[in-house]
J.: 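Here it is: the structure, laid out below.
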Number of protein chains: 2
Amino acid sequence: MIQLDLKDRRPLYEQIKEKLKLLIIKGVLKADEKIPSVRELAQYLTINPNTIQKAYKDLEAEGLIYSVRGKGNFVMPLEHAINPAREEELMKELQKIIAELIYMRVSRKKLSAFIDDIYENKGDEVR
Amino acid sequence: MIQLDLKDRRPLYEQIKEKLKLLIIKGVLKADEKIPSVRELAQYLTINPNTIQKAYKDLEAEGLIYSVRGKGNFVMPLEHAINPAREEELMKELQKIIAELIYMRVSRKKLSAFIDDIYENKGDEVR
DNA sequence: CTAACTGTATTAATACATATAATACACTTA
DNA sequence: TAAGTGTATTATATGTATTAATACAGTTAG
């Protein structure tokens, strides 16, 4: 389900967040579907449960999953996943990246084509 | 020239990088213009020179400035600031952010309008 | 040439972030 | 009740960030 990359300098919990987010965005994990328990995923990845818990806590704060005591963690249905604060955060990041790309002379045309591709594939081709 | 925000949880050198990058992108700092020396900026911000040096080193690696021993640090002219590796990095980040925005039901139309604004203002309205 | 400025590098000390480990407690379900 | 879930706490080890104090090398103005 998830593979960690030790060569990646980012924290493990960041990698876990990213991979899970991708599975949710791509629709591999569907609304209200249960994701692995903290202990289960920790055992599978041979890392500490606390690290998984941190990743899950962050994903919950971002509105992508919800957790139920005694039951598990589940994928937040889209209607509730819409999170204005998170959206604003993403737009700000977007703003910075695009401003830098513009400075580097990336044309509006190239950028539009790139974005069109993402809209068509819905994020499939992230490594 | 630059103001640090202690409430910001990011490292100081990240804040410095971001603010300088913005000044360069917006054209406030022009090609081959000298930026403050590590000691000068450190004194002005009342932080350690090593922290400034780390920020400058990163900006040099990203191709935004160049440094000359004994003289100072300068804004890299655009012709040389174009950095394919950095561009690819930015495109990958872009891909992730947009995929998440699409998941959050942000329309292509809204996104296009946002990007058009950035192209027109060239990054002016980042806080 | 010298003094005062530049960038660069190193080492040490401290604080914070990350990750592991071992527990404990509360809730859910078979 | 037993075994699974999330959640919280404390301790420990390691990595990252930051400050601090120096040192060395190149540039420039006097």
Side-chain angles (χ1 to χ4, degrees), chain A residues 1-21 24 29 32-77 80, chain B residues 1-21 24 29 32-77 80:
Chain A
M1 180 186 199
I2 284 183
Q3 284 293 73
L4 293 181
D5 177 9
L6 298 178
K7 293 183 297 300
D8 196 324
R9 283 87 47 210
R10 290 175 306 163
L12 298 177
Y13 75 88
E14 285 287 357
Q15 291 188 47
I16 295 165
K17 280 176 62 180
E18 175 183 295
K19 307 254 168 165
L20 276 178
K21 189 177 290 183
I24 293 172
L29 298 174
D32 295 311
E33 182 173 342
K34 186 176 183 304
I35 65 178
S37 75
V38 290
R39 290 174 180 82
E40 195 180 347
L41 187 53
Q43 189 171 21
Y44 174 68
L45 296 175
T46 62
I47 64 176
N48 195 279
N50 294 355
T51 305
I52 309 291
Q53 195 187 341
K54 173 152 177 62
Y56 282 9
K57 210 174 178 179
D58 281 13
L59 286 173
E60 189 177 23
E62 290 180 8
L64 288 169
I65 67 174
Y66 63 92
S67 76
V68 184
R69 212 190 186 90
K71 299 187 76 173
N73 284 274
F74 304 85
V75 177
M76 182 71 85
H80 302 94
Chain B
M1 180 188 200
I2 285 183
Q3 285 294 73
L4 292 181
D5 177 9
L6 297 179
K7 294 184 295 302
D8 196 324
R9 282 90 45 211
R10 290 175 306 163
L12 298 177
Y13 75 89
E14 285 287 358
Q15 291 187 48
I16 295 164
K17 280 175 62 179
E18 175 183 295
K19 307 254 169 166
L20 276 178
K21 188 176 290 182
I24 293 172
L29 298 174
D32 295 312
E33 182 173 343
K34 189 177 182 304
I35 65 179
S37 75
V38 291
R39 289 173 181 82
E40 194 180 346
L41 187 53
Q43 190 170 21
Y44 174 67
L45 296 175
T46 62
I47 63 175
N48 195 277
N50 293 356
T51 305
I52 309 291
Q53 195 186 343
K54 173 152 178 63
Y56 282 10
K57 209 173 179 180
D58 281 13
L59 286 173
E60 189 177 23
E62 290 180 7
L64 288 168
I65 66 175
Y66 62 93
S67 76
V68 184
R69 212 189 185 93
K71 300 187 76 173
N73 285 273
F74 305 84
V75 177
M76 182 70 84
H80 302 94

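For the numbers below, each heavy atom of this structure counts, side chains included, while hydrogens, waters and symmetry mates do not. Sequence lines set the chain letters: A, B, ... in the order given, protein chains first and strands last, and positions in each chain run from 1.
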J.: Are A/Thr51 and C/dA19 close enough that a side-chain N or O sits under 4.0 Å from OP1 or OP2?
T.: no
J.: Working to the nearest 0.5 angstrom, can you tell me the gap between B/Asp5 CG and B/Gln3 CD?
T.: 10.0 Å
J.: When you compare the side chain of B/Phe74 with that of B/Ile65, does any pair of heavy atoms fall below 4.5 Å?
T.: no
J.: Measuring only between side-chain heavy atoms, which start at C-beta, is A/Met1 closer than 4.5 Å to A/Leu45?
T.: no
J.: Step by step, would you call A/Asp32 with A/Met76 a side-chain contact (heavy atoms from CB on, under 4.5 Å)?
T.: CA-CA 6 Å; A/Asp32 295 311; A/Met76 182 71 85; over 6 Å; no
J.: B/Asn73 side chain N/O closer than 4.0 Å to the phosphate oxygens (OP1, OP2) of C/dG7?
T.: yes
J.: Check whether the side chain of A/Arg39 and the base of D/dG4 form a donor-acceptor pair under 3.5 Å.
T.: no
J.: Take B/Arg9 and A/Thr46, find for each the nucleotide of DNA chain C with the closest heavy atom, and name the residue whose nucleotide sits nearer the 5' end.
T.: B/Arg9
J.: Between A/Glu18 and A/Arg10, what is the shortest heavy-atom contact and its length?
T.: OE1-NH1, 2.7 Å
J.: When you measure only distances, ignoring hydrogens and angles, does the side chain of A/Asn48 come within 3.5 Å of the base of C/dA21 through a donor and an acceptor?
T.: yes
J.: Classify B/Tyr13 by what it touches in the nucleic acid, base, sugar-phosphate, or nothing, heavy-atom distance under 4.0 Å.
T.: sugar-phosphate
J.: Restricting to non-hydrogen atoms, name the atom on A/Leu4 and the atom on A/Ile16 that form the minimum distance, rounded to 0.1 Å.
T.: CD2-CG1, 3.9 Å
J.: Check the interface with nucleotides 10-15 of chain C: list each N/O to N/O pair with the protein under 3.5 Å, or write none.
T.:
none

J.: Establish, with yes or no, whether the OP1 or OP2 oxygen of C/dT8 is under 4.0 angstrom from a side-chain nitrogen or oxygen of B/Ser67.
T.: yes
J.: Looking only at heavy atoms, which two atoms of B/Leu20 and B/Tyr56 are closest? And how far apart?
T.: CD1-CE1, 3.4 Å
J.: If the condition is salt bridge (charged side-chain N to carboxylate O under 4.0 Å, His left out), which residues does A/Lys17 pass it with, not counting sequence neighbours?
T.: A/Asp58, A/Glu62
J.: Tabulate atom names and distances for all N/O pairs under 3.5 angstrom spanning the protein and nucleotides 28-30 of chain C.
T.:
residue	atom	partner	partner atom	Å
C/dT29	OP1	A/Lys71	NZ	3.3

J.: How long is the line joining NZ of B/Lys57 and C1' of C/dG7, in whole Å?
T.: 11 Å
J.: Kindly compute the distance separating CD (A/Gln15) from CD1 (A/Ile47), expressed to the nearest 0.5 Å.
T.: 9.0 Å
